[in-house]
There are 2 protein chains.
Amino acid sequence: MSIKQQRRGTGSATISDVARLAGFSPMTVSRVINGGGNVKESTRDAINAAIKELNYSPNPAARSLAGVEPIRIGLLYSNPSAAYLSEVLVGSLDRASRIDVQLVVARCEPPENYREATEHLLERGVHGLILTSPLCDLQEVVDVVTEGDQPVVALAGGKPSDDLITINVDDFEAAYAMTKHLIGLGHQRIGFIIGSPLQAASGRRLEGYRAALAEAGIPVDDALIQQGHFTYRSGLAAADKLMELAAAPTAIFASNDDMAAAAVAVAHRRGLDVPNDLTVCGFDDTAFASSIWPELTTIRQPIAEMARTAVDMLTDEILAHRAGKSLPREHRLAAFELIKRQSDAPPKNSK
Amino acid sequence: MSIKQQRRGTGSATISDVARLAGFSPMTVSRVINGGGNVKESTRDAINAAIKELNYSPNPAARSLAGVEPIRIGLLYSNPSAAYLSEVLVGSLDRASRIDVQLVVARCEPPENYREATEHLLERGVHGLILTSPLCDLQEVVDVVTEGDQPVVALAGGKPSDDLITINVDDFEAAYAMTKHLIGLGHQRIGFIIGSPLQAASGRRLEGYRAALAEAGIPVDDALIQQGHFTYRSGLAAADKLMELAAAPTAIFASNDDMAAAAVAVAHRRGLDVPNDLTVCGFDDTAFASSIWPELTTIRQPIAEMARTAVDMLTDEILAHRAGKSLPREHRLAAFELIKRQSDAPPKNSK
DNA sequence: GTGAAAGCGCTAACAG
DNA sequence: CTGTTAGCGCTTTCAC
C-alpha cells in the first residue's frame, strides 16, 4: 500500500495534529477552542498546552466553510472627518486583518442616508458597528444605529452612554495640558475658540481650558472665549473678534487645527507674526497642522491606535453576545500627546 | 429511505447546482470559472448561462480551503500623501472586498525603510503591489519594488515605463484646461508655480500651462513661472516672488492645493482680496482646497476610482501571470474634473 | 465528558 | 474535452 500523499498542505498545524499530540479527538479540541461546553479541566489544559506547543491557530476558511459565521464589522464614516479617515482605516484594517475579522466600510452623509447606510451594512450581515466622528455626535444617527441589538463603538467622539462603547482621548485633560503649556510660556490673556456645540468634545475642551486658567489663578474673561464650529471660516470670524479686542490675547487656543489655521491667517492679514506677535495652537494634529507655516503646536490623538482598540472591543462584544453573555459598556480613554511645533512662543513683552 | 437533510445551507447556489442545471459535472463548471483550459465553446456558454441564471458566485472559503491561493495585493503608502490616502484606501478596499482580493497595506518612509516594507509585504505573500504617490516617483523605491517579477501599479504618479503599470489623470490636459479657463476669464498675466522637480507630473502640468498660453497667443514670460516643491512653504516663497514682480500676475495657477493655499495667504498678507484682486487656482482637490477661505478652484483627480482600477488591473495581471500568460504593461488615464469654487474671477480691470 | 461519521463547497489529480 | 474520486480543516449531529 502506498503512502498517502499530502495533496496541498499549507504546512501549518491542523486541529488533528493538536488532537493527536494531546491524545484526544479533534472534536474535543474544537470544543476547547470555541469556549466549549463540557470539557474536563485536565483535558482542556492538555489541549491548550498542545495548541501552544504547535503554535496552532484555526484555519478561517475551513472554519467558515464548516458553518461558523465569520465576524463582520461595519464602519460608518462621513466626509467631514476625511482628515481622520485614513488613520481610522489604517488602524482598523490592520487589526481586523490580523484577527480575521471582516471590515465593511460605508459612507454615510447625514441627514440624507444614514438610515440607508446603516441598513445596508446590517443587510450585509455585520454584527457590530464603528461610528467615526462626527457621526457619533449626531443623536439621530446614534439612535438609528443602536436600534438593533448589535454593539456599537463611537470612535473619537460621542457622549459616553449606555448604548455606546466610546473611545476618546481625555479632551478635558488635553485642553488643560495645552492651556497650562501656554500659561507656562508666560501667557495671561489666552483666547479660546470653542468647537461646534453639536459635538460633545467641544464642551470638554472648553472646560479643560477653564480649569487650567482657574488653577493658575487667572480670571476667565468671557470676551476671550469665542464660539466656532470647527470650520476654517468660523475660525476666521472668531479670531477676528478676538483680535479686535481692546486687550487682545497674546495667544489663541483653537479647538481644532482648521480654526487654528484660520487664526494664523487672520494674524497674518493684520501684519502680525506667528508666533512672535501671537501664539496659536490647535487640536487634532490633522494634516493641516503640519502643512501650513508656521506648523502648528497641537494635540495629537492616536487615532490609528484607537481604531485598533475599537475593532478589538467590538469583537469581544460580538463574541460575548454570541456566547449569550453580555459585557458592560466600556468607555475607554486613550493617551493624547502635545505636539510642540513652531506656532507658540512666550508673549512679546514678557521679561 | 429518508431525504438527506441539509445541515447548514447558506441558501445560495453551489457549484453543483450550476452543474446540474447546465447538465455537466461540477468539475467542468470549475474549469469554466477559473479561466479553464479545455472546455468546448458550447459547454462554456451553457454553463455561463446557468451561472447567470442562478446568480452563482463561488464561495471563497471553500475555494481557499481547496487549495487555491487567494490573491493578495500589497499597498505601499507614505505619509506625505496622507491627503490621498483615505481616498486610495476607500477605493481599493471597496473593490478588493467585492472581488475577494486581500489587501495588505504597509507604510513606507523612504529613505529609511522602503526596502524592508517591500520585503515585509512580499514575505506576507503578496502577488502584486500598488505604489501610491509620491512613492511612485522615487526611482530607488521603484527599483526595489520591481526587482521581483510581481506586477506593480503606480497610482497617481510615476513615469509610464515598461516596469510599471500606471494610472494617472492626464496632467498635461488638466493643466491645459485650467489655464484655458483662466484665459477665458480674461487673464493675460498668469503666474505658474511648478511642483517638485522630483515628480514626473510637475513637468507635465507645466507643459499644459505653456500649451494653453501658446494656443491663445500669449507669450510665455519666464518671470511668471516659479519653482515650488509641492509644499506650503515653497508656495509662500514662490507666490511672494510672483507678487513682487513689477508687472504682477492677475492670476496664479499653482501645481497643487498646498501651494495655492500659500498663494492665498501671501495675497492676504499683502492686503489683496482673493479672487477680486487676485485669482488663485490649485490642483488635486485635497481637503485643503475646500477647507480654506475662499475655497479653491482646482482640478480633481478621481483617486478612489483610480484606486479601484488599480486593484482590477493588478488582479488581471496576477491572474494572467498565474495562467502563464503575460499582459502588456498598460498606462491608463483617468478623467479629471475642473472644480470651480470661489477663488477665481475675471481680472480687475477687464472691461 | 468524549468520539465517530458526515459533509460544508470547491478543486487537484488522474482517468477516460 | 469531460467526469470520478478524494480530501482541504473544521464543525455539526448523534451516539456512547
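Numbered from 1 within each chain, the chains take letters A, B, ... in sequence-line order.
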From [options], nucleotide with atom closest to [X] side chain:
| X | options | answer |
| --- | --- | --- |
| A:L65 | C:dG3, C:dC8, C:dC10 | C:dC8 |
| B:F24 | C:dC10, D:dT11, D:dT2 | D:dT2 |
| A:R31 | D:dG9, C:dT11, C:dT2 | C:dT2 |
| B:A62 | D:dC10, C:dG9, D:dG3 | C:dG9 |

Problem - Sidechain N-carboxylate O distance under 4.0 Å for B:R329, B:E317 - result: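 Result for this pair is yes, salt bridge flagged.
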Please state whether the phosphate of [N], meaning OP1 or OP2, lies under 4.0 angstrom from any side-chain nitrogen or oxygen of [X].
| X | N | value |
| --- | --- | --- |
| A:R63 | D:dT11 | yes |
| B:T14 | C:dG9 | no |
| B:S30 | C:dC10 | no |
| B:T43 | D:dT2 | yes |
| B:T28 | D:dT2 | no |

How long is the line joining [atom1] of [X] and [atom2] of [N], in whole Å?
| X | N | atom1 | atom2 | result |
| --- | --- | --- | --- | --- |
| A:M27 | D:dG9 | CE | P | 17 Å |
| B:D17 | C:dC10 | CG | C1' | 13 Å |
| A:I47 | C:dG1 | CD1 | P | 14 Å |
| A:I15 | C:dG3 | CD1 | P | 12 Å |
| A:D45 | C:dG1 | CG | P | 15 Å |
| B:E69 | C:dC10 | CD | C1' | 16 Å |
| B:I33 | C:dA12 | CD1 | C1' | 15 Å |
| A:I51 | D:dG9 | CD1 | P | 16 Å |

Exercise for the section: Search all heavy atoms of B:A19 against all heavy atoms of B:P26 and return the closest pair with its distance. Expected result: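 Minimum heavy-atom contact is CB-N, 3.5 Å.
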Problem - 5'-most by nearest nucleotide on DNA chain D - B:S25 or A:P26 - result: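 Counting from the 5' end, the first nearest nucleotide belongs to B:S25.
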Practice task
Measure from the side-chain N and O atoms of A:D94 to the backbone N and O of A:V90, and report whether any donor-acceptor pair falls under 3.5 Å.
Solution key: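 No, the answer is negative, given that no donor and acceptor are paired below the 3.5 Å cut-off.
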Practice task
Would you check if the side chain of B:D316 reaches a backbone N or O of B:M313 as a donor-acceptor pair within less than 3.5 Å?
Solution key: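 No; zero donor-acceptor contacts below 3.5 Å.
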Problem - Approximate separation, where rounding is to 0.5 Å, of A:L333 CG and A:T309 OG1 - result: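 Reported value, rounded in 0.5 Å steps: 11.5 Å.
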